[in-house]
Amino acid sequence: MMRQGGDTVTVTTGRATQVPEVLELDISRLVIGPKGIDPFYAPFSPGDLGRFREALLSRVFAALADSPSRRREEVELALVLILEFLREVLALYYSGTLVRRARADGVVHISVPPGCTMLAAVSTGGVPDPRQRRTWQLLARGIPDPIWRRPLRLARNLLLRDEFSRRPLPAIDLQHDIVTPAVSPLIRRHARSLAERVCLVPARSWFPPLPDPVLENAGEQALGSGITETLLEAVSKAYRDAGESLPTPEKAYLGRWLEVVSGLCRAYLDRLLDAPQRIPGRLWTGTGGIIWMRLLRLACRRLGGEITGHEHGTASPAESISIGLWEFEFCDRFVTFTPEMAQRYRQPHHHRYRVFDPAPAITDILTLEGGSDRSENTPARLEVPRSRPRRVMYVNTIYFGDAPGFTPAFPDPVWVDWQARLMTRLKMAGYEVLLKPHPECRLRPAPAFEALADGVLYERMEQVQEQADLFLFDWVQTTTLVQALATDIPIVVIDFGFTSFEPEAEALFRRRCAVVRGWVDDAGRAQVDEHELLQALEAAIPKAGDRAFFHHYQGGMAGV
């Protein structure tokens with residue numbers, strides 16, 4: 001089909017008529033040119049994943065909330081591992097649905113990226129061993145404390161002077177001292193606002209590895225069959241809501257995964273509760289999305305302690321499901337950046353995936369400080385020319401392999417195809433293109449990008465941002481965008497509609513950033529109107545000095 005935009009025409013095609021014999025999913029092996037991947041074939045769309053994700057979350061949390069009150073302790077244990085379980089289901093759905101559709105279209109072989117054990121197993125007609133998956137291996141290892149690091153850590157703790165006391169756990173007054181295993185600019189600022197002592201204790205103090213006999217018999221401490229069946233039935237219903245069916249072997253796999261992982265979680269929880277003298281009465285955490293922190297929060301809650309969570313990373317203009325999913329369970333108080341962010345998080349839609357009442361009290365660091373200046377932590381502004389930008393830094397998101405996250409995104413080959421065409425368009429328009437991959441992404445950009453871009457920057461954002469005349473994002477829920485908002489560098493955002501925008505936040509966001517609409521064509525290819533994109537690169541320049549969004553929602557804090 002043809003899409004007319006301004007005085008340019010963007011050509012999009014229907015579904016690929018040539019289905020490849022080999023479906024290449026390893027982005028390091030894709031054949032990529034200025035026109036992207038040829039032939040392009042995408043049996044799975046971000047819309048498919050988004051619809052299933054919404055059905056899955058609704059079904060699972062409704063089922064847990066409807067569980068009888070006598071099962072509360074079992075439901076709490078399920079909530080400790082629920083984020084990892086949901087990720088496992090999403091990986092299974094993506095891998096299984098992609099493989100079944102590709103086989104139905106006539107694909108003979110599927111080439112799997114390294115480390116994608118779910119996709120590798122499903123593509124050969126099987127399921128993985130739950131003990132080879134990330135969550136079981138993480139829990140099986142615990143958080144080790146290598147002996148050789150201890151002298152270095154002791155020396156550092158003796159020399160370092162900051163907001164925290166770094167005393168060993170047995171020496172802390174757990175009845176009175178505040179204890180945190182996390183460090184972030186927000187937690188540091190919160191600690192500075194108090195006259196009380198805040199003790200920094202590493203998470204490994206609570207989670208040394210479990211003994212081998214416990215690992216071998218983890219299944220004996222599994223979730224009760226009632227909760228397991230409740231979760232599996234909710235997943236089956238979510239598959240049906242999405243027009244699919246959960247194959248029997250895959251359902252059995254999820255049951256086995258729940259068995260061994262919940263057994264390890266219970267073993268850690270029991271060990272925490274068996275030593276109540278080691279559990280803080282007042283616990284601060286960063287993100288509640290890490291399974292270790294959920295375990296520690298629950299132990300603290302069971303023993304009558306008080307838990308304060310802190311905003312993890314970013315003030316996005318988009319509605320985020322991650323806050324309610326990650327942060328509000330097993331939490332008495334939650335601290336964010338500004339009163340405006342706190343008010344956003346009090347809205348009912350941020351609590352739709354919680355199970356237990358009451359909701360945490362939500363406050364912000366400015367209120368805790370008595371309304372201090374929002375610009376207190378604002379970084380120094382970078383001096384950049386106000387002429388037409390020449391170097392565009394394209395900041396791409398993490399490739400998910402076979403492990404999609406909670407926010408809809410393109411499958412890796414769709415990202416790569418789009419990025420190749422985007423960089424080619426920018427260079428043809430006379431721009432230099434710097435590609436900024438996520439430094440923690442385990443899948444690196446395709447080797448062909450080295451030729452398509454004028455530079456590939458693997459350093460952290462704060463180390464390379466001064467090289468950009470303009471930032472280009474196509475993903476808003478990233479901490480790098482907050483860092484970009486703290487500069488005076490123009491920003492362009494391509495919005496593919498992955499998430500819904502909060503109206504007030506969107507209005508302020510558009511004062512700072514030029515936003516261009518993207519879409520997906522009939523073939524599943526990402527598209528943008530080239531004329532609108534080039535206009536946005538110019539329109540972003542006069543917006544660069546507007547910090548209303550940054551101060552309104554981030555309170556002048558960057559780098560969190």
- Check: R266 side chain, A222 main-chain N or O, donor-acceptor pair, under 3.5 Å: yes
- Under a 4.0 Å N-O cut-off, is there an ion pair linking D241 with R51? no
- Query: So do the side chains of V235 and R59 get within less than 4.5 Å of each other, counting heavy atoms only?
  - Reply: no
- With side chains defined as the heavy atoms from C-beta onward, is the minimum distance between F449 and V416 less than 4.5 Å? yes
- Message: Are V112 and D26 packed together at the side-chain level, in the sense that at least one heavy-atom pair is separated by less than 4.5 angstrom?
- Response: no
- Message: Tell me whether E21 at atom CD has more than 12 heavy atoms from other residues, nucleotides or ligands lying less than 6.0 Å away.
- Response: no
- Query: CG/L25 to CG/D412 distance, rounded to the nearest 0.5 angstrom?
  - Reply: 8.0 Å
- Item | Closest heavy-atom pair and its distance - I143, P209 | O-CD, 4.4 Å
- Query: Within a strict 4.5 Å, meaning less than it, do heavy atoms of the P181 and L200 side chains meet?
  - Reply: no
- Message: What I want to find out is whether R53 reaches D48 closely enough, with some N-O distance under 4.0 Å, to be called a salt bridge.
- Response: no
- Between S45 and V520, is any pair of side-chain heavy atoms under 4.5 Å apart? no
- How far apart are the C-alpha atoms of L186 and I365, what are their side-chain angles, what is the distance that settles it, and do they pass the side chain to side chain contact (heavy atoms under 4.5 Å, CB included) test? CA-CA 8 Å; L186 184 58; I365 192 63; 3.8 Å; yes
- Query: Can you tell me if CH2 on W326 sees more than 12 non-hydrogen neighbours from other groups inside 6.0 Å?
  - Reply: no
- Query: For the atom pair NZ (K251) and CG (L246), what is the distance rounded to the nearest 0.5 Å?
  - Reply: 6.5 Å
- Message: Quick one, R301 with D332, criterion salt bridge (charged side-chain N to carboxylate O under 4.0 Å, His left out). Give me CA distance, side-chain angles, the key distance, then yes/no.
- Response: CA-CA 9 Å; R301 168 67 58 80; D332 299 298; 3.3 Å; yes
- Message: Run the ring pair (Phe, Tyr, Trp, His ring centres under 6.0 Å) test on W292 and Y268 for me, step by step, so that the C-alpha distance in whole Å, both residues' side-chain angles and the decisive distance to 0.1 Å come before the verdict.
- Response: CA-CA 9 Å; W292 303 119; Y268 278 112; 5.2 Å; yes
- Query: Between N217 and P213, is there a donor-acceptor pair closer than 3.5 Å when you use the side chain of the first and the backbone of the second?
  - Reply: yes
- So does D417 pair up with R525, basic N to acidic O under 4.0 Å? yes
- Backbone N/O of A121 and side chain of T124: donor-acceptor pair under 3.5 Å: yes
- Message: Check this for me: does any side-chain nitrogen of one of R297 and E329 sit under 4.0 Å from a carboxylate oxygen of the other?
- Response: no
- Message: Using a 3.5 Å distance criterion without hydrogens, assess whether the side chain of H109 forms a donor-acceptor pair with backbone atoms of V22.
- Response: no
- Query: Judged by atom type as modelled, is there a donor-acceptor pair below 3.5 Å linking the side chain of R346 to the main-chain atoms of A361?
  - Reply: no
- Query: Does the side chain of T308 come within less than 4.5 Å of L283's, by heavy atoms?
  - Reply: no
- Query: So with a 6.0 Å cut-off around CD of E73, is the heavy-atom count from everything else above 12?
  - Reply: no
- Check whether any side-chain heavy atom of C265 lies under 4.5 Å from a side-chain heavy atom of L77, and answer yes or no. yes
- Run the salt-bridge test on E259 and R131 with the 4.0 Å N-O cut-off and return the result as yes or no. no
- Evaluate the criterion ring pair (Phe, Tyr, Trp, His ring centres under 6.0 Å) for residue pair W418 and F410; output intermediate values, then yes/no. CA-CA 10 Å; W418 152 251; F410 294 131; 7.7 Å; no
- Would T180 and C199 count as a side chain to side chain contact (heavy atoms under 4.5 Å, CB included) if you check the C-alpha gap in whole Å, the side-chain angles of each, and the deciding distance to 0.1 Å? CA-CA 6 Å; T180 178; C199 299; over 6 Å; no
- Please check if atom CD in Q175 has more than 12 non-hydrogen atoms from other residues, nucleotides or ligands closer than 6.0 Å. no
- For the pair R188 (side chain) and V183 (backbone), establish whether a donor and an acceptor sit closer than 3.5 Å, ignoring hydrogens and angles. no
- Message: Quick one, F400 and C116 - any side-chain contact, counting heavy atoms below 4.5 Å?
- Response: no
- Message: Classify the ring geometry of F61 against Y353: parallel below 30°, tilted from 30° to 60°, perpendicular beyond 60°.
- Response: tilted
- Within 45° cone of F356 ring axis and under 6.0 Å: R72 NZ or CZ: yes
- Under 3.5 Å, side chain of R294 to main-chain N/O of L79, donor-acceptor pair present? yes
- Message: Filter on side chain to side chain donor-acceptor pair (under 3.5 Å), then keep only pairs touching residues 82-91, sequence neighbours left out; what's left?
- Response: E84-R87, E84-R134, E84-T135, E88-R133, E88-Y253
- Message: Tell me whether E24 is salt-bridged to R29, with the criterion being a basic N under 4.0 Å from an acidic carboxylate O.
- Response: yes
- Task: Keeping the roles fixed (side chain from E74, backbone from G224), state whether a donor-acceptor pair exists under 3.5 Å.
- Result: yes
- Task: Apply ring pair (Phe, Tyr, Trp, His ring centres under 6.0 Å) to the pair F328 and H351, showing each step before the final yes or no.
- Result: CA-CA 8 Å; F328 296 159; H351 297 262; 4.8 Å; yes
- Item | Cationic N near anionic O, under 4.0 Å, E250 to R100 | yes
- Message: Would the distance check show the side chain of R333 and the main-chain N or O of T363 forming a donor-acceptor pair, the cut-off being under 3.5 Å?
- Response: no
- What about the rings of Y239 and F52, do their centers lie closer together than 6.0 Å? yes
- Message: For F496, is there any backbone N or O sitting under 3.5 Å from a side-chain donor or acceptor partner on D474?
- Response: no
